[in-house]
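The next block holds one structure in the form of structure tokens; read it before the comments.
Numbers here simply count residues along the sequence, with the first being 1. Just so we're clear, the structure is a prediction, and the values are computed from it rather than from any experiment.
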Amino acid sequence: MRVRRSGGGLAAVRYSLARAREAGGLLGFSKRLQTHNACKTCAVGMGGQQGGMVNERGSFPEVCKKSIQAQAADMQAPIDEAFIRTHDLDTLARWTSRELEHAGRLGFPVLCRPGERHYRRVAWDEALAVAAEALRATTPDRVFFYASGRSSNEAAFLLQCFARVYGTNNVNNCSFYCHQASSVALGDAIGSGTATVTLDDLEQADLALVVGANPASNHPRLVTQLVGIRRRGGRVIAINPLREVGMVRFRVPSDWRSMLLGSDVTDLYLQPHVGSDIALLVLLLKRIIERGAVATSFVAAHTSGFDDVRAAVGAVSDDVLLAACGVPSADVDAAATMLCTAKRGIIAWAMGITQHAHGVQNVHALVNLALARGWVGQPGAGLLPIRGHSNVQGVGSVGVSPVLKQKFAEAL
């Protein structure tokens, strides 16, 4: 067994080539890259104006392995009837999610009645009749309609229309599961539920605080930006109970220096106890206040409630907070020094913060850090909820949400 010491590199290249072969072969996949397109998982450009393996900034070669992964999954061979005849429910229940995904696509409707141990293929008429029967047999308040970002906007729009006609607002999408805590908290704090930065801002930042996320595996374009921040002399802090190899060191395949020598991704990696994010973030805010690093003019001009926050932070002792989060005091001080000395910082977070009993409060704590340093509304600084699939915004925009925006409801 070999211990992996960095993410990316040749392993990522081999993986991408293998999945490209699954998506119609290398030649077929390369032809698809000749068109202007966007990554299927994050929506950032992959084809550029020149086409081919060029991103929206003209960099070559740029191909996201997550996009290849998504395309390969969509294009794999369908499951045949022999498969569902030979694999019963008990067998499939023991499979991992990866094994189930690689079994193939569903190319026809399947049905498993109560008491049956196998799925069986059914005609579309039977499938629709079963669905209609189930909807007639219950009440709208007991039915849930869901669309993921992989749905087209048109299909998602029709789905939510059907749900409203059927009589329920139990309509949701994957973005709500992933980042509704962010949308609520950001809406409370700054009036908008979306990020306050763009890709350009990452190229101007001199600090990134990445909390509860693993861009090395799930957001490759972001980890490249983190490497760029450090290469410019900036700092990167990671906060995650799990020490992800790719967030410590990464080999960016499209960067020859990084590919050959490897790149350190983080300057400091804090590993708090699971669920103790607020304790750690309050500690960091406390240090910012104690060191006189609050952006007082920004806070006075653009925020409210800071006196209450200062009082709440001051009312909790360091010992209580340190015991709660489990991070050594010296590491907290080191992180605070980076936060206090950076001029332009971006705070980014993902599921480790939001899919949590205190998700909204976690994001509030992150926002307080950014506002205290004045890192909202200026180039190279801001708040970045790291969202996933490119179409979660589109699906939400066409009405797949529990509460419709007033203008959308009126138009509908």
Close side-chain approach of L412 and F157, heavy atoms under 4.5 Å:
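They are in side-chain contact.
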Is the shortest side-chain heavy-atom distance between V363 and I353 below 4.5 Å?
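V363 reaches I353 side chain to side chain.
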Rounded to the nearest 0.5 Å, what's the gap from [atom1] on [X] to [atom2] on [Y]? Could you check?
X: I79; Y: R121; atom1: CD1; atom2: CZ; value: 12.0 Å
X: I386; Y: W349; atom1: CD1; atom2: CH2; value: 9.0 Å
X: L281; Y: L209; atom1: CG; atom2: CG; value: 7.5 Å
X: L186; Y: T196; atom1: CG; atom2: OG1; value: 8.0 Å

Side-chain donor or acceptor of D206 paired with backbone N/O of A342 under 3.5 Å
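A pair under 3.5 Å: no.
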Donor-acceptor contact present, side-chain R243 to main-chain Q271, <3.5 Å:
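Answer holds: no.
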Salt bridge between D318 and R287, side-chain N to carboxylate O under 4.0 Å?
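Here D318 pairs with R287 in a salt bridge, since their nearest N and O are under 4.0 Å apart.
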Check the orientation of F298 and H302. Use parallel for under 30°, tilted for 30 to 60°, and perpendicular for over 60°.
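Because their plane-to-plane angle lies in the 30° to 60° range, the rings of F298 and H302 count as tilted.
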Would you please classify the geometry between the H356 ring and the H358 ring as parallel, tilted or perpendicular, with 30° and 60° separating the classes?
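The rings of H358 and H356 sit tilted, inter-plane angle from 30° to 60°.
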Quick one: do the R291 and T337 side chains pair a donor with an acceptor below 3.5 Å?
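Their side chains do contain a donor-acceptor pair, which is all the 3.5 Å distance test asks for.
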